[in-house]
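Down below is the structure, laid out as structure tokens.
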Amino acid sequence: MHSTRVRPGVWSAVPITAVLLGMGASGLGAQIPQRFTNLHYYPEDISRGELVGAMRQFSFALGVRCQYCHVGGDGESFDGVDFASDDKLAKRRARAMLEMAETINTTLLSDLPERATPAVDVQCRTCHRGLARPRMIDDLLRERITAEGVDAAVAYYRELREREYGGWSYDFSEWVITDLANDYVRADDPQTAAALMRMNAEFHAESFSVWAALGGTEAAAGNRDAAIAAYRRGLELSPDDPQILRLLERLGVSR
């Protein structure tokens with residue numbers, strides 16, 4: 001076992017009391033082992049504070065509690081947790097993910113031409129963003145559209161945005177939905193594309209680009225009046241835009 005490891009994140013400077021977020025020190029002594037066994041990734045001589053800090057980092061990065069990877073306990077405290085057990089698949093996968101991150105940081109990124117200094121490393125939170133299973137919002141919507149239709153996907157997006165907006169788990173910027181809608185235009189499903197862009201226009205009503213894209217999807221869906229209205233709204237935000245003026249001309253109208 002190596003004496004040092006690349007650990008995603010910087011925790012060595014964080015006091016153990018802060019890392020454990022106020023959990024009583026007297027209770028911790030009885031719940032967390034003084035010595036750790038069955039360590040595969042971390043060195044056997046890693047300090048208790050470092051290892052507990054690393055585990056806490058995983059908890060934050062994935063938005064989970066200790067029992068996500070470890071067997072036993074009540075889900076609230078460390079009582080009854082079998083830290084050494086490898087029974088849970090999530091724990092075995094975590095080791096593989098740690099090895100993957102180390103390979104990226106020490107082998108693959110080291111070959112990056114003119115790598116920045118200080119180096120930017122991959123951490124658990126780089127991908128997970130507070131999610132146990134990191135997913136892109138457009139992938140989630142695509143799955144929902146396939147399974148239940150675009151109306152269900154729009155409702156799901158609203159629910160997700162209401163709950164998660166302002167956090168770091170999902171990208172709610174306008175281009176995510178615009179790109180997804182464009183995928184459906186290319187797939188010859190302009191009705192789905194238009195429904196997605198109508199939703200996008202609600203949340204990004206001051207974006208010229210969103211109204212221009214909405215006009216295009218409405219036109220592709222055969223909704224001429226809606227396309228004209230969207231284009232004209234775009235012109236309000238970007239007067240005399242030559243592209244929209246040409247698109248309106250194709251529809252047989254002026255501004």
Side-chain angles (χ1 to χ4, degrees), residues 61-64 93 97 100 122 124-255:
L62 276 68
V64 297
R93 283 179 170 170
M97 297 292 281
M100 178 190 73
V122 168
C124 298
R125 61 182 179 172
T126 303
C127 294
H128 280 275
R129 314 177 316 278
L131 299 171
R133 187 185 180 199
R135 303 292 307 281
M136 298 293 102
I137 193 167
D138 48 328
D139 290 334
L140 294 175
L141 293 177
R142 192 177 286 107
E143 289 179 0
R144 192 63 63 101
I145 290 169
T146 300
E148 303 177 44
V150 69
D151 289 344
V154 167
Y156 176 64
Y157 181 89
R158 294 182 190 281
E159 173 191 332
L160 204 59
R161 185 183 173 97
E162 177 70 22
R163 186 174 71 244
E164 302 287 350
Y165 187 80
W168 63 328
S169 296
Y170 299 103
D171 182 359
F172 293 104
S173 62
E174 64 182 80
W175 289 106
V176 173
I177 301 303
T178 298
D179 286 345
L180 180 61
N182 285 333
D183 286 344
Y184 281 97
V185 171
R186 287 188 288 269
D188 197 26
D189 187 359
Q191 299 294 343
T192 293
L196 290 170
M197 285 308 305
R198 288 179 208 124
M199 175 191 72
N200 210 21
E202 289 181 36
F203 293 112
H204 301 282
E206 299 306 312
S207 170
F208 156 78
S209 298
V210 166
W211 288 103
L214 174 57
T217 57
E218 294 285 20
N223 303 323
R224 181 175 180 274
D225 290 345
I228 292 170
Y231 287 143
R232 284 177 171 166
R233 173 59 180 147
L235 280 179
E236 292 176 10
L237 298 169
S238 182
D240 301 320
D241 180 82
Q243 180 182 7
I244 287 189
L245 290 173
R246 285 195 299 271
L247 291 169
L248 281 171
E249 186 178 347
R250 288 181 188 176
L251 294 174
V253 297
S254 60
R255 66 173 59 237

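In this chain, numbering begins with 1 at the start of the sequence shown. Just so it is clear, the model here is predicted, and its values are computed rather than measured.
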Practice problem: List the atom of His204, the atom of Ser173, and the distance in Å for their closest heavy-atom pair. | Solution: NE2-C, 3.8 Å
Self-check item: Rounded distance [0.5 Å steps], CE in Met197 versus CG in Leu214
Solution: 5.5 Å
Exercise. Report the residues that fulfil side chain to side chain donor-acceptor pair (under 3.5 Å) with Glu174, sequence neighbours left out, ordered by chain and then residue number.
Key: Ser207
Self-check item: Ser238 (side chain) donor-acceptor with Gly234 (main chain) under 3.5 angstrom
Solution: no
Quiz prompt | Nearest heavy atoms of Ser254 and Leu248, plus distance in Å | solution = O-CD1, 4.1 Å
Self-check item: Spacing of Ile137 atom CD1 and Leu180 atom CG [to the nearest 0.5 Å]
Solution: 9.5 Å
Exercise. Could you pull out the closest heavy-atom pair between Leu237 and Ala205, with the gap in Å?
Key: CD1-O, 3.8 Å
Exercise. Check whether any side-chain N or O of Arg135 sits under 3.5 Å from a backbone N or O of Tyr170 as a donor-acceptor pair, and report yes or no.
Key: no
Exercise. Taking atom CZ of Arg224 as the centre, report whether more than 12 heavy atoms of other residues, nucleotides or ligands fall under 6.0 Å from it.
Key: yes
Quiz item: Partners of Arg163 by side chain to side chain contact (heavy atoms under 4.5 Å, CB included), sequence neighbours excluded?
Solution: Glu159, Leu160
Practice problem: Find out whether Trp168 and Arg125 are in side-chain contact, i.e. whether some heavy atom of one side chain is under 4.5 Å from a heavy atom of the other. | Solution: yes
Quiz prompt | Single hit among Thr217, Asn200, Asp183 for side-chain hydrogen bond (donor to acceptor under 3.5 Å, both in side chains) with Thr178 | solution = Asn200
Quiz item: With sequence neighbours left out, which residue pairs that include part of residues 205-251 fulfil the ring-ring contact (aromatic ring centres under 6.0 Å, His included) condition?
Solution: none
Quiz item: Between CG of Asp189 and CD of Gln191, what distance do you get to the nearest 0.5 Å?
Solution: 7.5 Å
Quiz prompt | Atom pair CD1 (Ile145) and CG (Leu140), whose distance is rounded to the nearest 0.5 Å | solution = 11.0 Å
Quiz item: Does the side chain of Asp179 come within less than 4.5 Å of Asp138's, by heavy atoms?
Solution: no
Practice problem: Check whether any side-chain heavy atom of Val210 sits under 4.5 Å from a side-chain heavy atom of Phe203, and report yes or no. | Solution: no
Distance-only donor-acceptor hits, side chain of residues 239-246, under 3.5 Å, sequence neighbours excluded:
residue : atom : partner : partner atom : Å
Asp240  : OD1  : Arg255  : NH2          : 2.5
Asp241  : OD2  : Gln243  : N            : 3.1
Asp241  : OD2  : Ile244  : N            : 3.0

Quiz item: Is there a side-chain contact between Tyr184 and Arg142 (heavy atoms, below 4.5 Å)?
Solution: yes
Practice problem: Taking atom CG of Asp188 as the centre, report whether more than 12 heavy atoms of other residues, nucleotides or ligands fall under 6.0 Å from it. | Solution: no
Quiz prompt | Partner residues of Phe172 under the ring pair (Phe, Tyr, Trp, His ring centres under 6.0 Å) criterion, sequence neighbours left out | solution = Tyr157, Tyr165
Quiz prompt | Approximate separation, where rounding is to 0.5 Å, of Asp171 CG and Arg129 CZ | solution = 9.0 Å
Quiz item: Can you tell me how far the CE atom of Met136 sits from the OG atom of Ser169, to the nearest 0.5 Å?
Solution: 9.5 Å
Quiz prompt | Ala227 to Leu251 - nearest heavy-atom pair and separation | solution = CB-CD1, 4.1 Å
Quiz prompt | By side chain to side chain donor-acceptor pair (under 3.5 Å) - contacts of Asp225 (at least two apart) | solution = none
Self-check item: Candidate pair Arg198 and Asn223, rule side chain to side chain contact (heavy atoms under 4.5 Å, CB included), full reasoning
Solution: CA-CA 12 Å; Arg198 288 179 208 124; Asn223 303 323; 3.4 Å; yes
Quiz item: Does the pair Arg161/Glu202 count as a salt bridge with the N-to-O cut at 4.0 Å?
Solution: no
Quiz item: So does Glu143 have more than 12 non-hydrogen atoms from other groups sitting under 6.0 Å from CD?
Solution: yes
Quiz item: Closest heavy-atom contact between Glu218 and Ala194?
Solution: OE1-CB, 3.8 Å
